2 protein chains.
Amino acid sequence: MAKNMPEACGLGAALEVIGGKWKTFILWEIHFGPIRFGELKRRVTGISEKMLIQNLREMEADGIIAREMFHEIPPRVEYSVTELGRTLNDAVTPLATWGKVYSKRIMETLEGG
Amino acid sequence: MAKNMPEACGLGAALEVIGGKWKTFILWEIHFGPIRFGELKRRVTGISEKMLIQNLREMEADGIIAREMFHEIPPRVEYSVTELGRTLNDAVTPLATWGKVYSKRIMETLEGG
DNA sequence: TCCGAAACTTACCTTCTGGTGCGTACCCTA
DNA sequence: TAGGGTACGCACCAGAAGGTAAGTTTCGGA
């Protein structure tokens, strides 16, 4: 997305990193602390394994999360946010807050009229 | 998007409003002040008329921009941000800043290695 | 011997997003 | 009469995003 855009304001780049249906939720769940693949799958309700892995790979490539493999049986993999991921999470917080307020506003509008 | 999501953190709602390829750029161009359809089309480089109109309608429905029609010949329509739109623009600013820094980091990484 | 768990991988299919191009009403200019 | 500008609407189409379902490897347990 926005590969050919006049830089505008940096939003394009940011949305490439946390855009899509799932990444924000994934980042949110991981930001509490290291978490296993299976646990993540249970927490991010509704996501398919394919999508979870695909998104995790992309987020890893973007450098916002880190993957650690433990050579155990059964296999264990843990995901955690990187320093960059933490800054992204911080940058995204105001937007999350806005989203909450906005949702509330919508609800009130629907109730009120 | 995220209609059936556990509220998580409000980000889902926010991304429904400024998600997609163009809305951020449109909001950015409008936030400087009222702007006509044609001017907007010229500023948001690469957008098609269909997409511009479609996005404007959605943003209007979401209450972040306002449309004012002047019954003149040739027709004139101006778009401006609402108070809610301004708050969204503010909420999105940190993310834009992050995107800029991130882009720079990527460039440096590419140059350095 | 079959099953289940973990963390994937692969193939296939559907839905959504965005793009292209044409048509519209109205007026002005040439 | 022809063409251009404004702000759209509509139909069709391609590609990306996302969903579904199955297979893989290794082990322990019934």
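Letters A, B, ... mirror the listed sequences (proteins, then strands); counts begin at 1. Not measured: the values here are computed from a predicted model. What's counted below: heavy atoms across the whole structure, side chains too, no hydrogens, waters or symmetry copies.
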Completion exercise
Contacts of A:Gln54 and A:Pro75 projected onto DNA chain D by closest heavy atom; the upstream (5') one is A:Gln54

Practice task
Check the distance between D:dA7's P and B:Arg67's CZ and give it to me in whole angstrom.
Solution key: 10 Å

Completion exercise
Applying salt bridge (charged side-chain N to carboxylate O under 4.0 Å, His left out) to B:Glu72 and not counting sequence neighbours gives B:Arg76

Exercise for the section: Select base, sugar-phosphate, or nothing to describe what B:Phe70 touches, counting heavy atoms under 4.0 Å on all strands. Expected result: nothing

Exercise for the section: Let me know the distance between CD of A:Glu68 and C1' of C:dA7, rounded to the nearest Å. Expected result: 15 Å

Problem - Protein-nucleotide distance (B:Ile47, atom CD1; C:dT17, atom P), rounded to Å - result: 15 Å

Handout entry: Most 5' of A:Val77 and B:Met51 on DNA chain C, judged by nearest nucleotide
Key = A:Val77

Practice task
Send over the distance from A:Glu72 CD to C:dC8 P, rounded to a whole Å.
Solution key: 13 Å

Completion exercise
Rounded to whole Å, the CZ-C1' distance (A:Phe37 to C:dA6) equals 9 Å

Completion exercise
Judged by nearest nucleotide, the residue sitting upstream toward the 5' end of DNA chain D, A:Asn55 or A:Pro74, is A:Asn55

Handout entry: Carboxylate-amine/guanidinium contact A:Glu39 A:Arg42, below 4.0 Å
Key = yes

Exercise for the section: Take the protein atom CD of A:Glu78 and the nucleotide atom P of C:dC8, then report the distance between them rounded to whole Å. Expected result: 12 Å

Problem - Phosphate-side-chain proximity, B:Arg57 and D:dG9, N/O vs OP1/OP2 below 4.0 Å - result: yes

Exercise for the section: Report yes if at least one side-chain N or O of B:Tyr79 is closer than 4.0 Å to OP1 or OP2 of D:dA7; otherwise report no. Expected result: no

Problem - A:Arg36 vs C:dA7: side-chain N/O to OP1/OP2 distance below 4.0 Å - result: yes

Handout entry: Student check: side-chain heavy atoms of B:Asp62 and B:Leu84 closer than 4.5 Å
Key = no

Exercise for the section: Kindly say if A:Arg42 contacts the phosphate of C:dA5, meaning a side-chain N or O under 4.0 Å from OP1 or OP2. Expected result: no

Practice task
Please state whether the rings of A:Trp28 and A:Phe32 are parallel, tilted or perpendicular, taking 30° and 60° as the class boundaries.
Solution key: perpendicular

Practice task
Indicate yes or no: does B:Arg43 engage B:Glu29 in a salt bridge with an N to O separation below 4.0 Å.
Solution key: yes

Handout entry: Contact under 4.0 Å: A:Lys50 side-chain N or O vs D:dA21 OP1/OP2
Key = no

Exercise for the section: Could you state the atom-to-atom distance from CG of B:Leu56 to P of D:dG9 in whole Å? Expected result: 11 Å

Exercise for the section: Starting at atom NZ of A:Lys23, determine the distance to atom P of D:dG18, rounded to an integer number of angstrom. Expected result: 8 Å

Exercise for the section: Name the nucleic acid region contacted by A:Glu49, choosing base, sugar-phosphate or nothing; use a 4.0 angstrom heavy-atom cut-off, strictly under. Expected result: base

Completion exercise
B:Trp22 has its side chain closest, among C:dC8, C:dG18, D:dG18, to C:dG18

